[in-house]
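Read the structure below first, then the notes.
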Amino acid sequence: MKDANFPEFLFNQTPWSEKGSAFWPASAFTLRRNISRHHFPHKQTEAAARQVLDEITSSIMGLPNLEDPMYIDFSVLDPAKREFIFEHYFIPDGIYEERPHQGIITDKTGSFLAGINLTDHLTLQMIDCKGSWHKTWEVLRNFERELCKKLDFSFSNRFGYLTSNYYSCGTGLSLRLYLHLPALLQLDDPENPFYLSQEEDFVITQMGDDKEEGVFQGDLVVLQNKRSLGISEDHMLHTLFRGASKLINRENECRTQIKSGNYPEMKDMIARSFGILMHSYQMPTSEALGALSLIKLGIDLNWVEGVSDLEVNKIFFKCRRGHLLVEDGGDHTQEEILHKRAEFIHSSLKDARLII
């Protein structure tokens, strides 16, 4: 696929391409900012949107430490490519409404994104998949500090940084931690994530568009701060990472329990998932992610060999609809996409072996 408006490096340089934690595949840091003297994007004129775009683009292109930054204009991208970008950068639902002069700036690291004229004038985001969240947060904060020297952001002494959604006012920081907790969820443990979140200053939700309460697609649990107003960045980070550590410790205990005990039903679930992934002709996203999740667990339990956790991570994130559409370069029906996903997984897992 060749497209002058679409960076080829996104196919190879993905946030999840380096080995990190099997329990903690990704963290997404997002800062929202707006330019003073301008209405929020949903209220601004086309001329104002153009001005905001020019101001922000010229400022970001001059930032140090960005590797060959590139602007991508949403108006020239088809829906599949936009979906690909949203998947690649873990962009949350509701951040995009089609308006004039929208786009993103990214660079060759594949982990930095600056969204322009989305729900806010500027959405700065960094993805960490290596477990180096302190460094990732510091890089993002340094980018924002440099931009403060060039751009006049809307700020209130009472409400902090002003955003289009009052839940994001204050620090303007949103943090989402993606945790893979199949053993904890499959064992139906009474200390499940919802109980933990009731006593903490964060919410627990699911990845993906179809969010059914209590159903975690691919056994991915997403922790996110409830608010950014009246709370410091350090306190927010401490609270979320403390909650994530509790869940990871409990997941590790559940896996140790499985390894040391006799759980034929767990072996059966992993064996069935292996069969589904290797032999299905069509595969919906939710079914594929659920089965891949159990294969990841099987690798850690030494019940699956011939494929690494990192390789399954790549399959997990690249089997989503936007990636299949864009990397294949075609315009497919839903039935064809289901088959393409199954073919992609068959090929990717060709060396995997079940050793239960």
Side-chain angles (χ1 to χ4, degrees), residues 14-26 87 90 129-131 178-189 193 206-208 210 215-222 247-248 250-321 323-324 327 337-356:
T14 57
W16 53 85
S17 61
E18 297 187 48
K19 187 174 182 179
S21 167
F23 299 151
W24 196 332
E87 291 176 357
F90 298 90
C129 293
K130 297 183 290 185
Y178 295 79
L179 306 181
H180 183 234
L181 308 175
L184 176 59
L185 294 171
Q186 296 298 338
L187 289 181
D188 194 24
D189 192 275
Q206 305 88 13
M207 184 184 77
D210 300 323
V215 177
F216 295 92
Q217 194 174 78
D219 296 317
L220 274 184
V221 173
V222 184
L247 288 173
I248 287 174
R250 186 60 191 140
E251 171 70 16
N252 198 35
E253 290 172 1
C254 289
R255 295 191 185 199
T256 301
Q257 179 181 339
I258 294 172
K259 290 177 183 178
S260 61
N262 181 26
Y263 286 85
E265 69 280 4
M266 189 66 71
K267 292 182 178 180
D268 184 65
M269 290 172 64
I270 292 175
R272 286 173 181 269
S273 295
F274 186 86
I276 288 171
L277 293 170
M278 299 302 292
H279 301 293
S280 292
Y281 181 81
Q282 291 187 328
M283 205 174 301
T285 303
S286 59
E287 183 179 33
L289 297 185
L292 287 167
S293 167
L294 289 172
I295 295 303
K296 279 172 60 67
L297 177 60
I299 292 170
D300 185 63
L301 297 173
N302 296 319
W303 294 348
V304 176
E305 63 178 23
V307 62
S308 69
D309 184 79
L310 177 59
E311 289 170 323
V312 177
N313 272 353
K314 293 178 182 179
I315 303 168
F316 190 95
F317 291 115
K318 294 182 77 169
C319 77
R320 292 172 294 173
R321 182 177 179 274
H323 277 71
L324 290 174
E327 295 201 43
I337 285 292
L338 295 175
H339 179 56
K340 288 288 181 184
R341 181 176 295 111
E343 280 188 328
F344 168 68
I345 293 174
H346 295 167
S347 173
S348 302
L349 291 178
K350 63 182 184 300
D351 295 325
R353 296 180 299 279
L354 189 66
I355 54 173
I356 294 176

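From a predicted model like this one, the values you see are computed outputs, not experimental measurements. Heads up: numbering here begins at 1 and tracks the sequence. Just so it is clear, the values below take in all heavy atoms, side chains as well, and ignore hydrogens, waters and symmetry mates.
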request  = Could you walk me through whether Asp219 and Gln186 pass side-chain contact (heavy atoms from CB on, under 4.5 Å), step by step?
outcome  = CA-CA 9 Å; Asp219 296 317; Gln186 296 298 338; 3.5 Å; yes
message = Could you check whether any side-chain N or O of Thr256 sits under 3.5 Å from a backbone N or O of Asn252, counting only pairs where one atom can act as donor and the other as acceptor?
response = yes
Under 3.5 Å, sequence neighbours excluded: what are the donor-acceptor pairs made by side chains of residues 268-276?
residue: Asp268; atom: OD1; partner: Arg272; partner atom: NE; Å: 3.4
residue: Asp268; atom: OD2; partner: Arg272; partner atom: NE; Å: 2.7
residue: Ser273; atom: OG; partner: Met269; partner atom: O; Å: 2.9

key: Interatomic spacing from CD in Glu87 to NE2 in His323 - rounded to 0.5 Å   = 6.0 Å
message = Counting C-beta onward and ignoring hydrogens, is there a side-chain heavy-atom pair between Phe344 and Glu327 closer than 4.5 Å?
response = no
message = Using 0.5 Å steps for rounding, measure from the NZ atom of Lys296 to the OG atom of Ser308.
response = 9.5 Å
query = Under 4.5 Å between any side-chain heavy atoms of Val222 and Phe216, yes or no?
reply = no
query = Checking Arg341 side chain against Ala288 main chain: does a donor-acceptor pair fall under 3.5 Å?
reply = no
Straight-line distance of Glu253 CD to Leu187 CG, nearest 0.5 Å = 11.5 Å
task = Answer yes or no: is there a side-chain heavy-atom contact under 4.5 Å between Leu289 and Cys319?
result = yes
inquiry  = Looking at every non-hydrogen atom in both residues, tell me the closest pair between Ser286 and Gln217 and how far apart they are.
reply    = CB-NE2, 3.8 Å
request  = Spell out, as yes or no, whether a donor-acceptor pair under 3.5 Å connects the side chain of Ser280 to the backbone of Leu277.
outcome  = no
From Glu251 atom CD to Leu185 atom CG, the distance as rounded to the nearest 0.5 Å = 7.5 Å
inquiry  = Rounded to the nearest 0.5 Å, what separates atom CZ in Arg255 from atom CG in Leu297?
reply    = 5.0 Å
key: Heavy-atom closest pair, residues Leu324 and Lys340   = CD2-O, 4.4 Å
task = Check the pair Leu301, Lys259 against side-chain contact (heavy atoms from CB on, under 4.5 Å), reporting the backbone distance first and the verdict last.
result = CA-CA 7 Å; Leu301 297 173; Lys259 290 177 183 178; 3.4 Å; yes
task = Search all heavy atoms of Leu220 against all heavy atoms of Pro25 and return the closest pair with its distance.
result = CD2-CG, 3.9 Å
ask   = Rounded to the nearest 0.5 Å, how far apart are NE2 of His346 and NE2 of His279?
value = 8.0 Å
ask   = His180 and Ser293: which non-hydrogen atoms are nearest, and at how many Å?
value = NE2-OG, 2.7 Å
query = What is the ring orientation for Tyr178 with Phe90, classed by angle as parallel under 30°, tilted 30 to 60°, or perpendicular over 60°?
reply = tilted
inquiry  = If you count every heavy atom of other residues, nucleotides or ligands that lies below 6.0 Å from Arg321 atom CZ, does the total exceed 12?
reply    = no
message = Would you say that Asp309 contacts Asp300 through its side chain, given a criterion of any heavy-atom pair below 4.5 Å between the two side chains?
response = no
inquiry  = Please give me the minimum heavy-atom distance between Ile355 and Asn302, naming the atom from each residue.
reply    = CD1-O, 3.3 Å
task = For Ile248, enumerate each residue passing the side chain to side chain contact (heavy atoms under 4.5 Å, CB included) test, keeping only those at least two apart in sequence or located in another chain.
result = Phe23, Trp24, Leu179
ask   = Do the side chain of His339 and the main chain of Tyr281 share a donor and acceptor less than 3.5 angstrom apart?
value = yes
